[in-house]
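Let me begin by presenting the structure, written as C-alpha cells, before commenting on it.
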Amino acid sequence: MSYTIFRTFQLHPFLLYPTSILKLQNRFFHSTTIKATQSQQTQTQTKHSTSTQSKKLNNLPKDYEPIIGIETHVQLSTNTKAFCNCPYNYGSFPNTSICPVCMGLPGALPVLNSKVIEFAVKLGLALNCELAFDSKFDRKQYFYPDLPKGYQISQFDVPIASSGFLDVDIPLEYGGGHKRFGITRVHMEEDAGKLLHTENGNYSQVDLNRAGVPLLEIVSEPDMRNGIEAAEYAAELQRLVRYLGVSNGNMQEGSLRCDVNVSVRPIGQSKFGTKVEVKNLNSFASMSRAIDFEIARQVQLHSQGQADQIVQETRSWEEGSQRTITMRKKEGLADYRYFPEPDLPSVILYQEYVDGIKNSLPELPEGKRRRYEKMGLGMQDVLFLANDKNIAEFFDATLAKGADAKLVANWIMSDIAGFMKNEKLTINDIKLTPEELAELIASIKDGTISGKIGKEILFELLAEGGSVKEIIEKKDLVQITDPVEIEKMVDKAIADNPKQVEQYRGGKTKLQGFFAGQVMKASKGKANPGLLNKILLEKLNS
RNA sequence: UGGGAGGUCGUCUAACGGUAGGACGGCGGACUCUGGAUCCGCUGGUGGAGGUUCGAGUCCUCCCCUCCCAGCCA
C-alpha cells in the first residue's frame, strides 16, 4: 500500500524501502505544464476531424475554431472523509457528520485516508496517466465561509497523475467516430462545505458535512471542439469512475461536477483566444448546450469586430434563459499562496503497490467496446452494452455460457430492457440469470422452442425465475415442427375463412399474416413460424 | 430548461405481437326530394430514423412534437 506517515514521526519513507523500487517522474512545475499543453494542443486539434456537429453551430461563420477544456471534480465514495473519520452521506441533516478536523478547529491535525491514494492511482491508471511516485499535498489559501480552515488541502506542482488520455466513441446520432481526448493532470484535494441560503436572502448558513470529502480533480487538454464532444467526454469519465467504483458519479448530487473553459480563435491563428470559464452545469445535456451557446456568443463577438469584449471571466449557465451570464470577472490571478502542506507527509508510491492496483483494475468501458466491436456488434449495440457496467457483466456472463454475441445483445436490448424499464428494475434485480438466458437461446437454436415461445418463457424467467427446461416441460411448450400437423391446421384456417382467401387471391397478400395468426392461435403459439408460413403460402397460392 | 403525461384518418376513439376498425366531418348517391331528417357508398391514419421478430401501431434505442406542473441552486 502507499506509505504515508506524519512528519512528526521523523521517519522518511525512503529509509524504509530500497530506492530502486521508487521512481521519480513528472516533477514539472505549473508554468511548464502550460507550455506542454500548448504544443500538444496544435497536434490534437489538427488530428481530430470535424465529424461531430451541433445544430446551434451550423449558422455561425465557419472561420473560427472553438477550443474547449474541461475540469472535473469527482467525489470519491470512500466510507470516510479524506483527512478524518467522519462518514459522508449525501442529503443527511446539516452538520451531523463533522469533527474538529473537518471543522478546521485549531490544533486538529489531518490524517490521510489511504483509500484516497488508492482511488487516485486507480483513476490515474485508467486514464493512461503517468503517476508521480513522489508527490505531496499543498495548501491553497482563500477565504470563503464554506472553507473553515481558510485553505484547501490540494496538490499544486506535483499532481499524482498526469499526461494521460481518454478514448470516447461518439454515438451515431451525434455523428459517430472515435475520439481521444488528452488528460493534463489528476490531483487529489478536499471538498468545501455547502452554503445554505435562506429564502429571503437575509442570511446564509453553513453545512460542513461536505467539508473534507475527498475529491479528484481531472483536468483535460483543450481537445474538444463542441458541446457534444465535451458532454461525451464527461459521460465517459462518469462511466469510468463507476466502472472503477471510485465514485457514484451522480451529477445531481454533485458527485461529478464539471467546469468548462471555452475560447475561440480565428482559424490559422496559433495564439489561443481569451478563455472563459463556464460553471453551473447540472447535466451532460446542459453542458453541451452551455458550451454551444458560449461558442456562438464568442464567435459572434469576434465576427463583429468586438473580440475585445471577450474577457477572462467566469460565466454561469442559466437553465431558465438558456444562456450564460457573467458571474465574476477574473480578479487578477488569484493569489492562492500555495505552499506544501506541513501537516501531511509526502505521498510515496512504490511499484508493487501500483502494480497491485493495475492488476486489479476491471476491464474498462473502452476495452469492452473494442472487444464487443471485434465480435461483430454494431456501434449501437456496443454502446448499449458497455455504457452500463452491470449490463456489460451480464452480457459477458451469458457469453461465457456459450451463447452467440449478437443474439444475446438482441435479447438484452429489446425484451429484457423493456421489462426492466416497465418494472423500473436494474439488470441486477431481475430473476433471470445469464445461465438461463444462454439456455433459452440454445433451446431456440436447437429447435426445441420457437422464438415466439422463447419470448413467453423469457418473461416468466424475468419475473419469476426458474429454469428454461422446467418451464418448457411444465407448460408443454415444445414447438410443432411436424409438417403434417401444421398442414392440417393451415387447411382448417383456410377452410374457415373463405372470404379472406378470396381477398388474398384478389391481391390482398397482407392477409397472410391473418392466416398465420389463426394457425398460431389454434396451435397456442407452438407452430414453427417458418414452416407454417411456407406451407401457408403454398396453399394460398395454389 | 427540469419533472410528469402523451402522440393512430381533418376530429374523437378501438385493435393478447397476427386483416389498422368504428363514430363524427368531408365527398358522392339514394330516399316521389324545399331536409339542420334518414339510409347507402366513398374518402382518409399509426410523428421520424434505426433495431428486434416469420410477422411491429404494439417491444428496444435515438430524435421530433404536444399537453400539465415547476422554474434559476456555488
Side-chain angles (χ1 to χ4, degrees), chain A residues 55 73 144-147 171-176 191-199 201 204 206-207 210 251-254 257 259 277-283 285-290 293 314-325 327-328 377-385 387-388 391 406-422 444 450-456 458-459 462 479 486 493 497 499-504 506 508-525 527-537:
Chain A
K55 258 186 281 174
H73 292 263
Y144 205 68
D146 59 13
L147 189 72
L172 253 48
E173 54 268 27
Y174 298 130
D191 211 341
K194 193 173 169 58
L195 291 183
L196 307 166
H197 305 285
T198 50
E199 274 177 34
S204 299
V206 189
D207 173 13
R210 204 177 65 180
M251 276 183 113
Q252 278 167 357
E253 292 178 10
R257 308 195 286 270
D259 302 336
E277 183 176 3
V278 183
K279 290 193 175 229
N280 200 19
L281 308 172
N282 302 322
S283 68
S286 71
M287 182 171 168
S288 174
R289 281 191 298 266
F293 173 88
T314 300
R315 298 178 69 88
S316 174
W317 173 248
E318 301 293 298
E319 278 298 82
S321 52
Q322 294 286 290
R323 60 200 185 95
T324 62
I325 60 166
M327 196 153 97
R328 56 170 179 255
L377 297 179
M379 190 46 65
Q380 196 187 351
D381 299 15
V382 168
L383 291 179
F384 187 99
L385 297 168
N387 281 354
D388 184 312
I391 288 180
K406 179 60 180 161
L407 292 178
V408 179
N410 288 347
W411 283 99
I412 292 178
M413 292 197 310
S414 55
D415 295 287
I416 297 176
F419 179 81
M420 293 192 299
K421 198 170 86 168
N422 262 312
I444 295 169
S450 66
K452 185 185 166 65
I453 294 293
K455 215 163 268 204
E456 268 180 50
L458 178 79
F459 284 108
L462 284 168
Q479 76 172 326
I486 291 177
N497 300 285
K499 204 169 168 183
Q500 278 80 2
V501 175
E502 197 181 318
Q503 286 175 15
Y504 178 90
K508 196 170 175 183
T509 52
K510 254 172 66 180
L511 286 178
Q512 183 190 343
F514 165 74
F515 290 106
Q518 297 303 309
V519 177
M520 278 297 178
K521 203 188 272 180
S523 69
K524 292 177 187 152
N528 174 291
L531 204 51
L532 154 62
N533 277 303
K534 184 167 162 269
I535 294 172
L536 182 61
L537 272 181

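Atoms considered below: every heavy atom in the structure, side chains included; atoms not considered: hydrogens, waters and symmetry mates.
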With [atom1] as the reference atom in both, quote the distance from [N] to [M] in angstrom, rounded to an integer.
{"N": "B:rA37", "M": "B:rC12", "atom1": "C1'", "answer": "24 Å"}
{"N": "B:rC42", "M": "B:rC59", "atom1": "C1'", "answer": "36 Å"}
{"N": "B:rG51", "M": "B:rG18", "atom1": "P", "answer": "22 Å"}
{"N": "B:rA23", "M": "B:rA5", "atom1": "P", "answer": "34 Å"}
{"N": "B:rG48", "M": "B:rG7", "atom1": "P", "answer": "14 Å"}
{"N": "B:rA20", "M": "B:rG29", "atom1": "P", "answer": "31 Å"}
{"N": "B:rC62", "M": "B:rG71", "atom1": "P", "answer": "29 Å"}
{"N": "B:rA56", "M": "B:rG17", "atom1": "P", "answer": "14 Å"}

When rounded to the nearest 0.5 angstrom, what is the spacing between [atom1] in [X] and [atom2] in [Y]?
{"X": "A:Leu458", "Y": "A:Glu456", "atom1": "CG", "atom2": "CD", "answer": "11.0 Å"}
{"X": "A:Thr324", "Y": "A:Glu318", "atom1": "OG1", "atom2": "CD", "answer": "8.5 Å"}
{"X": "A:Met379", "Y": "A:Asp381", "atom1": "CE", "atom2": "CG", "answer": "10.0 Å"}
{"X": "A:Glu319", "Y": "A:Leu281", "atom1": "CD", "atom2": "CG", "answer": "8.5 Å"}
{"X": "A:Ile412", "Y": "A:Leu407", "atom1": "CD1", "atom2": "CG", "answer": "11.0 Å"}
{"X": "A:Ser450", "Y": "A:Ile444", "atom1": "OG", "atom2": "CD1", "answer": "7.5 Å"}

For nucleotides 41-43 of chain B, tabulate all protein N/O to nucleotide N/O atom pairs closer than 3.5 Å, reporting atom names and distance.
none

Between [X] and [Y] (side chain of the first, backbone of the second, donor and acceptor by atom type, cut-off under 3.5 Å), is there such a pair?
{"X": "A:Asn280", "Y": "A:Trp317", "value": "yes"}
{"X": "A:Asp415", "Y": "A:Trp411", "value": "no"}
{"X": "A:Asp388", "Y": "A:Ile391", "value": "yes"}

Any side-chain heavy-atom pair of A:Gln252 and A:Asn282 under 4.5 Å: no
Residue pair A:Leu531 / A:Gln479, side-chain heavy-atom distance below 4.5 Å: no
Between [N] ([atom2]) and [X] ([atom1]): distance, integer Å:
{"X": "A:Met420", "N": "B:rC60", "atom1": "CE", "atom2": "C1'", "value": "10 Å"}
{"X": "A:Ile412", "N": "B:rU61", "atom1": "CD1", "atom2": "P", "value": "14 Å"}
{"X": "A:Glu456", "N": "B:rC59", "atom1": "CD", "atom2": "P", "value": "17 Å"}
{"X": "A:Met251", "N": "B:rG2", "atom1": "CE", "atom2": "P", "value": "13 Å"}
{"X": "A:Asn422", "N": "B:rU58", "atom1": "CG", "atom2": "P", "value": "14 Å"}
{"X": "A:Ile416", "N": "B:rU61", "atom1": "CD1", "atom2": "P", "value": "13 Å"}
{"X": "A:Leu377", "N": "B:rU52", "atom1": "CG", "atom2": "C1'", "value": "14 Å"}
{"X": "A:Leu281", "N": "B:rG2", "atom1": "CG", "atom2": "P", "value": "13 Å"}

Within the structure, does a side-chain N or O atom of A:Tyr174 lie under 4.0 Å from either OP1 or OP2 of B:rC63? yes
With sequence neighbours excluded, tell me which residues meet side chain to side chain contact (heavy atoms under 4.5 Å, CB included) with A:Leu537. A:Tyr504, A:Gln512, A:Asn541
State whether the number of non-hydrogen atoms from other residues, nucleotides or ligands found under 6.0 Å of A:Glu502 atom CD is greater than 12. no
Would you classify A:Gln380 as touching base, sugar-phosphate or nothing, given that sugar-phosphate means primed atoms plus P, OP1 and OP2, and contacts are heavy atoms under 4.0 Å? base
Once pairs are restricted to Watson-Crick or G-U wobble with both distances under 3.5 Å, how does RNA chain B read as a dot-bracket string, [ ] for crossings and | for other-strand pairs? (((((((..((((....[..))))((((((.......))))))...(((((..]....))))))))))))....
With the side chain of A:Arg289 defined as its heavy atoms from C-beta on, choose the nearest nucleotide among B:rU1, B:rG50, B:rC63. B:rU1
Every protein N/O lying under 3.5 Å from an N/O of nucleotides 15-22 of chain B:
unit_1, atom_1, unit_2, atom_2, d
B:rG17, O6, A:Lys455, NZ, 3.0
B:rU19, N3, A:Gln500, NE2, 3.3
B:rU19, O4, A:Gln500, NE2, 2.6
B:rA20, OP1, A:Lys510, NZ, 2.5

Interface polar pairs with nucleotides 72-74 of chain B, N/O, under 3.5 angstrom:
unit_1, atom_1, unit_2, atom_2, d
B:rC72, O2, A:Glu318, OE1, 2.7
B:rC73, N3, A:Asn280, OD1, 2.9
B:rC73, N4, A:Asn280, OD1, 2.3
B:rC73, N4, A:Asn280, ND2, 2.3
B:rA74, OP1, A:His197, NE2, 2.0
B:rA74, N6, A:Tyr144, OH, 3.4
B:rA74, N1, A:Arg328, NH1, 3.1

Please table the atom pairs, donor to acceptor, closer than 3.5 Å between any side-chain atom in residues 515-525 of chain A and protein atoms at least two apart or in another chain.
unit_1, atom_1, unit_2, atom_2, d
A:Ser523, OG, A:Val519, O, 3.1
A:Ser523, OG, A:Met520, O, 3.3
A:Ser523, OG, A:Lys526, N, 3.4
A:Ser523, OG, A:Ala527, N, 3.2

Is it true that A:Arg210 and A:Asp146 make a salt bridge, defined as a side-chain N closer than 4.0 Å to a carboxylate O? no
